[in-house]
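What follows is a set of notes on a single structure, which appears directly below.
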There are 2 protein chains.
Amino acid sequence: MPAGLATHIKKFVDLTEEEASILLTYTRPLEIKKKGFLLKEGQVCRANYFVEKGCLRLFFIDEKGTEQTVQFAIENWWVTDYTGFRSQAPSHFYIQAVENSKITVFERSTQDGLFAKLPQLERYFRLILEKSYGASQWRIKYIFSLSKENMYKQFIASFPAFVQRIPQYMLASYLGLTPEYVSEIRKKKS
Amino acid sequence: MPAGLATHIKKFVDLTEEEASILLTYTRPLEIKKKGFLLKEGQVCRANYFVEKGCLRLFFIDEKGTEQTVQFAIENWWVTDYTGFRSQAPSHFYIQAVENSKITVFERSTQDGLFAKLPQLERYFRLILEKSYGASQWRIKYIFSLSKENMYKQFIASFPAFVQRIPQYMLASYLGLTPEYVSEIRKKKS
DNA sequence: CGCGGGTTTGATGATGCTCAAGCCCGGTGG
DNA sequence: CCACCGGGCTTGAGCATCATCAAACCCGCG
């Protein structure tokens, strides 16, 4: 039961118990093991994923074969390849579990039906997307204004708890630097 | 009259003529001269801006005093500082006209009233934001997978017409490189 | 105990920035 | 109509940041 999702929605829009149970019929719970994939390059991205517990990441593989993390999603965040989700064309991204995770799956195919029944969810997703897009604008701001070293320091200062949860190389791939260089920065700091 | 806006909305959701005229009462046309500002750092971002004609840019000034462009908006695009727009806290960004422009202004304070009257706009903005957020994910992808030189080449190959409309230093600030380096790349190409 | 994924180390070198100067060209005022 | 001014673009030398590569190391897990 996606108790987390209903609770999260209620922070943004009204949702009665009855409506919450309608919501249930439009979503699907999913447990996924660490390193499991919800989406791979070339596949059609059919769903939007809400993290009840655990952590997912959206990444791609560049021409040199290195993984580059675009986004992490922890508890109460949504993640999908929005371009692929909208177009239903083969995706250029991967979505992978960073930890053993409990997910609520929201299929693209049932979206319109659900919005027809619970119109306030249209508002909920608008609000979520405003927040996500705002975060994305800030991400660009950090990328352009900070040196790699400062990006790293800033990140671990801002999210110390989260840094504990992910391996270094994954953090490196999120910040756009090499694991070797992360190592060097850490050495310097001591 | 924001004919462009109504037309744009109709591409995404239904909108009768009567509803379009209601929309009119909730928006405000604005003409702004090249280099004029719609938002400056420290001000509260009270509106979302739709470009009917012309071009706007969202940028910030980094600690070295250099302008860094986060986003351009040409005809039929919205632009605002979403974080500031949502929180109504003083912004860290600037919004400036790149050309003489015709804008439709949508004030934050009237947003809820309008959505109550025209609920389908909730959907419209959700769709717009999905598209914008998707574009933003791709922007990250390009930043992480291409060298500066290839970012530049890729951009001018993808948007040759748009490149004509903006000065080099502004394009440089969008791609996160220096005008000097752009110069160097252009020299090499010949 | 051994395997393997992840991290560290260090040497080398490319990418792309900084700074300072000159240049080009379009606009403005005399 | 010309001269000047200044914003933007170019040039080049020098240099910092950060990537690359190869090797060793560490340690948790099967």
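Only heavy atoms go into these numbers, but all of them, side chains included; no hydrogens, no water, no symmetry mates. Letters A, B, ... mirror the listed sequences (proteins, then strands); counts begin at 1. Not measured: the values here are computed from a predicted model.
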Just to confirm, is there a sub-4.0 Å distance from OP1 or OP2 of [N] to any side-chain nitrogen or oxygen of [X]?
{"X": "A/T178", "N": "D/dA19", "value": "yes"}
{"X": "A/K64", "N": "D/dT20", "value": "yes"}
{"X": "A/K187", "N": "C/dG10", "value": "yes"}
{"X": "A/K35", "N": "C/dG5", "value": "no"}
{"X": "A/K188", "N": "D/dT17", "value": "no"}

Just the rounded figure in Å: distance from [atom2] of [N] to [atom1] of [X].
{"X": "B/Q68", "N": "C/dC17", "atom1": "CD", "atom2": "C1'", "result": "12 Å"}
{"X": "A/I185", "N": "C/dT9", "atom1": "CD1", "atom2": "C1'", "result": "15 Å"}
{"X": "B/I143", "N": "C/dG16", "atom1": "CD1", "atom2": "C1'", "result": "16 Å"}
{"X": "B/L175", "N": "C/dG16", "atom1": "CG", "atom2": "P", "result": "12 Å"}
{"X": "A/Q168", "N": "C/dT9", "atom1": "CD", "atom2": "C1'", "result": "15 Å"}
{"X": "B/M170", "N": "D/dC9", "atom1": "CE", "atom2": "P", "result": "9 Å"}
{"X": "A/L177", "N": "D/dA19", "atom1": "CG", "atom2": "P", "result": "6 Å"}
{"X": "A/Y152", "N": "D/dC18", "atom1": "OH", "atom2": "P", "result": "14 Å"}

Residue B/S183, side-chain atoms from C-beta onward, closest of C/dC17, D/dC9, C/dT7: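 So the side chain of B/S183 is nearest to D/dC9.
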
Selection from D/dC18, D/dT10, C/dT9 that lies nearest to any side-chain heavy atom of B/E180: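 For B/E180, the side-chain atoms sit closest to D/dT10.
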
Sugar-phosphate, base or nothing in reach of A/Y181, heavy atoms under 4.0 Å: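 The residue A/Y181 makes base contact.
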
B/W78-B/F125 aromatic ring centre distance below 6.0 Å: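 That pair passes the under 6.0 Å test.
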
Ring-ring centroid check A/W138 B/F93, cutoff 6.0 Å: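 Yes.
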
Exercise: do A/Q68 and A/S173 side chains pair donor with acceptor under 3.5 Å: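 A/Q68 vs A/S173: no donor-acceptor pair found between side chains.
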
With sequence neighbours excluded, residues passing salt bridge (charged side-chain N to carboxylate O under 4.0 Å, His left out) with A/E31: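 Partners of A/E31 under the salt bridge (charged side-chain N to carboxylate O under 4.0 Å, His left out) test: none.
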
Toward the 5' end of DNA chain D, by each residue's nearest nucleotide, B/V182 or A/L146: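 Mapping each residue to its closest nucleotide by heavy atoms, the 5'-most match is B/V182.
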
Taking every non-hydrogen atom, the tightest pair across B/F60 and B/H92: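 Shortest heavy-atom contact: CB-O, 3.6 Å.
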
